[in-house]
Every structure is written in C-alpha cells, then in structure tokens.
Amino acid sequence: MLNLVLFGPPGAGKGTQSQKLIEKHGLIHLSTGDLLRGEISQGTALGLEAKKLMDEGKLVPDEVVIGMISHKLDANKDAKGFIFDGFPRTVAQAEALDRLLETKNAPILGMVALEVTDDELEQRLLLRGKDSGRPDDANPEVIRKRIKEYNDKTAPVAGFYKNQHKFKSINGIGSIHEIFDAINHVVSNY
Ligand code: B4P
C-alpha cells in the first residue's frame, strides 16, 4: 500500500498537492481538516466542539481526530493507499497512526514536508480567506495562532518520522506544478 503523509504548516499547500496526488496515483485522500469541516457543516456534536477550537486557530483533541481516521481506514479496506493530509499533527497522533496501520500490515512509507516561510503562509491564507468563507483564514491573528500551534505541537512530528528514516523535505515555494514534480520524484522511490 502506498501510504504517504503530506506535512507542513497551515497554508503550505498540503490540500492542493493532495488533490493532484490522488488523481495521479488513485489513492484515498484523508484530510482531517476536511473531515472536521464536514462535521461542522452537518451540525454534529463533534462539529460544534471542533468549530470553537478551529475558529480560534487551536488544534482539536487527539482522540477526536484519531477516531475519525480509524473509521475512514475501516471504511476503505480495499484502497491502494492513503494520503494523510493534516494528520498526524501531534506526536501522540503519529504513534496512534502507526498502531492503526500495524493492524493492517500497511505502514507509512514516507513523510513529505513542504517548507514555506511564515510570511508566505500568512499571505496565502489571507488571500484564500477572501473567498473561502473559512473563519480561520480571515483573521491575521488566528492565522498567526495556527502557525504557533504548528511550531509548538506539530513540528516535532517531523522528528518522529526522521527517527524512522522516512522523512523528506522539499521547497514548498514555487509553482504548484514544480512542487508536484518534486513530490513525485520522492514518491517514485517508494
Ligand atoms: P487544515 O484543513 O488541515 O488546513 P490548512 O493547514 O489550513 O491547509 P493546507 O496546508 O492544506 O493548505 P492548502 O493546500 O489548502 O486545518 C484546519 C484546522 O483544522 C486546524 O487549524 C485545526 O484546528 C484543525 N485540524 C485539522 N487536522 C487536525 C488534526 N490532525 N489534529 C488537530 N486539529 C486538526 O493551501 C492554502 C492556500 O495556499 C490555498 O489558497 C492554495 O491555493 C494556496 N497555495 C497552495 N500551493 C501554492 C503555491 N505553490 N503557491 C501559491 N499559493 C499556493
């Protein structure tokens, strides 16, 4: 199974590149951000709890996102592989993902990290906020909070995959096409 983690700060282009990867490789896209926004738009209890945290730029509790991922893995037993986008975002989530995949004998083959400067991230998210309707993209303070949450809680996840010799970092600044080529170069070695 081609199981890949696409990693990077908010606005690095994970969602953008995931779409292109699933088209090319026929993989299932698992974006915890999209799953949470789905819960919010359906008005579920989980969505209501998540919305408050997301609107403030904070992470949603680990057990919530781990439960969502576990359901999605079970619902896609015949998949050729998964792109994990925006997950894992904490070391606890990374450990839980390894345990879930161990039961399926289908480990993560690699993590590809998109490197983008904080200024560029802020500009991209504010631009998207103009027409996305996403409250977490509309406010510079919330964007800065998301970047801080990333640096404090998510950046250490890279070390988890480095220890397993599964980490590759690429430049996330450039055209969407150039970045996609660089990711595919890494993926072709798996
Ligand atoms: P996510 O939905 O994961 O969103 P993201 O980090 O904002 O976006 P991404 O990096 O995918 O950016 P994109 O490609 O869209 O998270 C939202 C919130 O959900 C989190 O803050 C958190 O509260 C919660 N959450 C999600 N997962 C969680 C978890 N596992 N644990 C706890 N909480 C969780 O690109 C952004 C913009 O840049 C787009 O407008 C795009 O067009 C543009 N862009 C992309 N590539 C570009 C390029 N090369 N050049 C110029 N612009 C580019």
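Keep in mind the model is a prediction, meaning the values are calculated, not measured. In this chain, numbering begins with 1 at the start of the sequence shown.
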- [ ] For the pair D98 and Q164, evaluate side-chain contact (heavy atoms from CB on, under 4.5 Å) and give the outcome as yes or no after the intermediate values.
- [x] CA-CA 11 Å; D98 267 8; Q164 298 187 2; 2.9 Å; yes
One pair to check against side-chain contact (heavy atoms from CB on, under 4.5 Å): V157 and V5. What are the steps and the verdict? CA-CA 11 Å; V157 177; V5 177; over 6 Å; no
side-chain contact (heavy atoms from CB on, under 4.5 Å) evaluation trace for D181 with H185 | CA-CA 6 Å; D181 279 350; H185 183 70; over 6 Å; no
Could you please spell out the steps behind the side-chain hydrogen bond (donor to acceptor under 3.5 Å, both in side chains) verdict for D85 and Q17?
CA-CA 9 Å; D85 162 9; Q17 297 295 337; over 6 Å; no
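Cluster membership for L6 and Y190, using ILVMFWY side-chain heavy atoms within less than 4.5 angstrom, is shared. Clustering ILVMFWY residues whenever any of their side-chain heavy atoms sit less than 4.5 angstrom apart, transitively, puts M54 in a cluster other than the one holding L126. Both M111 and I28 sit in one connected hydrophobic cluster of ILVMFWY residues. Membership requires side-chain heavy atoms under 4.5 Å apart, directly or through other members. Under the 4.5 Å side-chain heavy-atom criterion for grouping Ile, Leu, Val, Met, Phe, Trp and Tyr, V112 is not connected to L121 through any hydrophobic cluster. When hydrophobic clusters are built by joining Ile, Leu, Val, Met, Phe, Trp and Tyr residues whose side-chain heavy atoms come closer than 4.5 Å, directly or via intermediates, L114 is grouped together with V186.
The existence of a salt bridge linking D74 and K104 is confirmed by a sub-4.0 Å separation between a basic side-chain nitrogen and an acidic carboxylate oxygen. Using a cutoff of 4.0 Å between basic side-chain nitrogens and carboxylate oxygens, K58 and E149 are not scored as salt-bridged. With respect to D137 and R146, a salt bridge is recorded, a charged nitrogen being found less than 4.0 Å from a carboxylate O. Ion pairing between E120 and R124 holds under the 4.0 Å rule for side-chain N and carboxylate O.
The shortest distance between side-chain heavy atoms of F82 and L27 does not fall below 4.5 Å. Side-chain atoms of P10 and I143, non-hydrogen and from C-beta on, never get closer than 4.5 Å to each other. Annotation: side chain of V60 is not in contact with side chain of L46 (no heavy-atom distance under 4.5 Å). For the pair L21 and F180, the minimum side-chain heavy-atom distance is below 4.5 Å. Residues I22 and H25 fail the side-chain proximity criterion, which asks for heavy atoms closer than 4.5 Å. Residues L30 and M68 fail the side-chain proximity criterion, which asks for heavy atoms closer than 4.5 Å. Counting heavy atoms from C-beta on, the side chains of P9 and N151 never come closer than 4.5 Å. Here the side chains of I176 and K20 are in contact, with some heavy-atom distance below 4.5 Å.
With values rounded to the nearest 0.5 angstrom, I83 atom CD1 is found 7.5 Å from H29 atom NE2. Between atom NZ of residue K24 and atom CD of residue Q19 there is a gap of 16.0 Å, rounded to the nearest 0.5 Å. Distance check, rounded to the nearest 0.5 Å: CZ of R144 to CD1 of I147 gives 8.5 Å. The structure places CG of L73 at 8.0 Å from OG1 of T103, a figure rounded to the nearest 0.5 Å. The structure places CD1 of I183 at 12.0 Å from OG of S188, a figure rounded to the nearest 0.5 Å. Here the CG atom belonging to L36 is positioned 9.0 Å from the OG1 atom belonging to T44, to the nearest 0.5 angstrom.
Side-chain contact, N171 with E178: no donor N or O sits under 3.5 Å from an acceptor N or O.
The minimum heavy-atom distance linking P140 with E122 is given by the pair CB-OE2, 4.2 Å. Pairing each heavy atom of L100 with each of S70, the nearest pair is CD2-OG, 3.8 Å. Of all heavy-atom pairs spanning P88 and L97, the tightest one is CD-CD2, 4.0 Å. The shortest heavy-atom contact between G174 and I179 is O-CD1, 3.6 Å. Considering every non-hydrogen atom in both M1 and L109, the closest pair reads O-CD1, 3.6 Å. Among all heavy-atom pairs drawn from P135 and D55, the shortest one is CG-OD1, 3.5 Å.
More than 12 heavy atoms of other residues, nucleotides or ligands lie within 6.0 Å of NZ in K145, so this atom counts as buried by the packing criterion. No more than 12 heavy atoms of other residues, nucleotides or ligands lie within 6.0 Å of NE2 in H71, so this atom counts as exposed by the packing criterion.
Judged as a ring pair (Phe, Tyr, Trp, His ring centres under 6.0 Å), and not counting sequence neighbours, the contacts of Y150 are F7.
Remark: side-chain polar atoms of K14 are paired, donor with acceptor, to backbone N or O of G8 under 3.5 angstrom. Between the side chain of K166 and the main chain of I108, a donor-acceptor pair closer than 3.5 Å is present.
Checking each of T32, L35, L59 against V65 for a side-chain contact (heavy atoms from CB on, under 4.5 Å) leaves exactly one that passes, namely T32.
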